[in-house]
There are 2 protein chains.
Amino acid sequence: MDSVFKALSDPNRRKILTLLKKKDLSVTQLQKHFKISGASLSHHLDILKRANLVIAERRGQFIFYSLNTSVFEQITKFFFDKFKK
Amino acid sequence: MDSVFKALSDPNRRKILTLLKKKDLSVTQLQKHFKISGASLSHHLDILKRANLVIAERRGQFIFYSLNTSVFEQITKFFFDKFKK
DNA sequence: TTAATATTTAGACAAACATCTAAATATCTA
DNA sequence: TAGATATTTAGATGTTTGTCTAAATATTAA
């Protein structure tokens, strides 16, 4: 669960999640919303992937990223249980 | 909101919150649950305080820390809205 | 197969961070 | 008021992190 909180601690990574909430996107499509290099973006996606927050799936030339919603359910529950009095 | 996610990204700080969920504690009482120095613990509490996750209140010789539940409600909602599909 | 596009990996670097010890500040008790 | 206890602040240090450029890998299209 540490990797999840670590992953959520960066604003760019949270922005990625917000964008992916609307629809699946490739790195190039995501790139348009950021000022950082493609390499940095790829690095962030890797961290999100390792935290099980997103899923990568190749579709031909592109790799599409999407939210791993099942894990989000778990996290929301965890978060709620942990902190709600 | 950035300070909140940053605050939650450290395991010791999350442990502090879990302990405070049960009851208010002074630094000395908290100290018993950690291996880090009192100064480091104080530093973590400062970060949690700046993120509005905890409240500090002096009671005589001690300073007691407690969860700022109202903010937790907001965060839980934020988290839920942001990530739940 | 070659050129173009998409993405990741490698290596470097500066900034941010967690931690420590020592010193400062605040409060209580004798 | 002095000494003891509680907590914070200051300054130092090693590690982690976000970013970059350049190079490597993968896929498509000509």
Side-chain angles (χ1 to χ4, degrees), chain A residues 1-68 75 82, chain B residues 1-68 75 82:
Chain A
M1 197 47 98
D2 191 59
S3 63
V4 172
F5 281 102
K6 279 271 161 52
L8 293 174
S9 72
D10 180 82
N12 279 332
R13 287 195 290 269
R14 292 197 301 276
K15 185 173 172 183
I16 291 171
L17 295 174
T18 303
L19 291 166
L20 293 183
K21 190 187 175 184
K22 301 199 191 85
K23 66 167 192 244
D24 300 359
L25 294 167
S26 68
V27 178
T28 314
Q29 290 174 318
L30 277 166
Q31 180 71 74
K32 286 162 193 147
H33 298 86
F34 296 88
K35 290 175 181 169
I36 62 176
S37 71
S40 296
L41 191 50
S42 178
H43 171 64
H44 285 309
L45 288 165
D46 186 54
I47 289 169
L48 291 169
K49 203 164 47 181
R50 286 172 194 276
N52 276 309
L53 291 170
V54 304
I55 296 166
E57 181 198 359
R58 184 175 278 280
R59 295 182 203 158
Q61 198 172 359
F62 301 89
I63 295 177
F64 276 81
Y65 282 86
S66 57
L67 288 190
N68 184 356
I75 294 162
K82 191 164 194 76
Chain B
M1 198 49 102
D2 191 58
S3 62
V4 172
F5 281 102
K6 277 273 160 54
L8 294 173
S9 72
D10 181 84
N12 278 334
R13 289 196 288 269
R14 292 197 302 276
K15 185 173 172 183
I16 290 171
L17 295 174
T18 303
L19 291 166
L20 292 183
K21 191 187 175 186
K22 300 199 192 86
K23 67 166 193 250
D24 301 358
L25 295 167
S26 69
V27 178
T28 315
Q29 289 174 318
L30 277 167
Q31 180 70 76
K32 286 163 194 146
H33 298 85
F34 296 87
K35 290 177 182 169
I36 62 177
S37 72
S40 297
L41 190 50
S42 179
H43 171 64
H44 285 308
L45 287 166
D46 186 53
I47 289 169
L48 291 169
K49 203 163 47 180
R50 286 172 195 276
N52 276 310
L53 291 169
V54 304
I55 295 167
E57 181 196 0
R58 184 175 279 280
R59 295 181 201 160
Q61 200 170 359
F62 302 89
I63 295 177
F64 275 81
Y65 283 87
S66 56
L67 287 189
N68 184 356
I75 295 162
K82 194 165 191 75

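Per chain, numbering begins at 1; letters A, B, ... match sequence-line order.
Between A/T28 and B/R13, the residue anchored closer to the 5' end of DNA chain C is A/T28, taking for each the nucleotide with the nearest heavy atom.
Between the CG atom of A/D10 and the C1' atom of D/dT17 there is a distance of 9 Å, given to the nearest Å. B/D2 places its CG atom 13 Å from the C1' atom of D/dG18, with the value rounded to the nearest Å. Rounded to an integer number of Å, the gap from A/F5 CZ to D/dT16 C1' is 19 Å. Residue B/K15 contributes atom NZ, which lies 16 Å from atom C1' of C/dT19 at whole-angstrom precision. As rounded to whole Å, 13 Å separates atom C1' of D/dT17 from atom CD1 of A/I36. In this structure, A/K35 atom NZ and D/dG18 atom C1' are separated by 16 Å, rounded to whole Å. One atom, CZ of A/F64, and another, P of D/dA26, lie 20 Å apart when rounded to the nearest Å.
For the contact set between residues 41-53 of chain A and DNA chain C, defined by any heavy atom under 4.0 Å, the members are A/S42.
Proximity of B/D2 to A/R14: side-chain heavy atoms (C-beta onward) are separated by under 4.5 Å at one or more points. Contact check for A/L45 versus A/V27: side-chain heavy atoms found under the 4.5 Å cut-off. For the pair A/K6/A/I47, no side-chain contact is recorded, criterion being any heavy-atom separation below 4.5 Å from C-beta on. In this structure the side chain of A/N52 never reaches within 4.5 angstrom of the side chain of A/V4, judged on heavy atoms.
Annotation: the span from A/L67 atom CG to A/I16 atom CD1 amounts to 11.0 Å, rounded to 0.5 Å. One distance of note links NZ of A/K32 with OG of A/S26; it measures 7.0 Å at 0.5 Å rounding.
Of the possible donor and acceptor atoms, one in the side chain of B/K15 sits under 3.5 Å from a partner among the backbone N and O of B/H33.
Residue A/S3 comes nearest to A/A51 through the heavy atom pair O-CB, 3.6 Å, listed as atom of the first residue, atom of the second, then distance.
Side-chain N/O atoms of B/S26 include one lying less than 4.0 angstrom from OP1 or OP2 on D/dT7. The side chain of A/Y65 places no N or O atom within less than 4.0 Å of a non-bridging phosphate oxygen (OP1 or OP2) of C/dA6.
Closest to the side chain of B/I63, from the set C/dT7, D/dT7, C/dC20, is D/dT7.
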Discussion item. At under 4.0 Å between heavy atoms, how does the protein contact nucleotides 21-30 of chain C? Give one character per nucleotide, 5' to 3', with B, S or -.
Written reply: BB---SSS--
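Exactly one of A/H43, A/H44, A/R50 qualifies for a side-chain hydrogen bond (donor to acceptor under 3.5 Å, both in side chains) with A/D46. That residue is A/R50.
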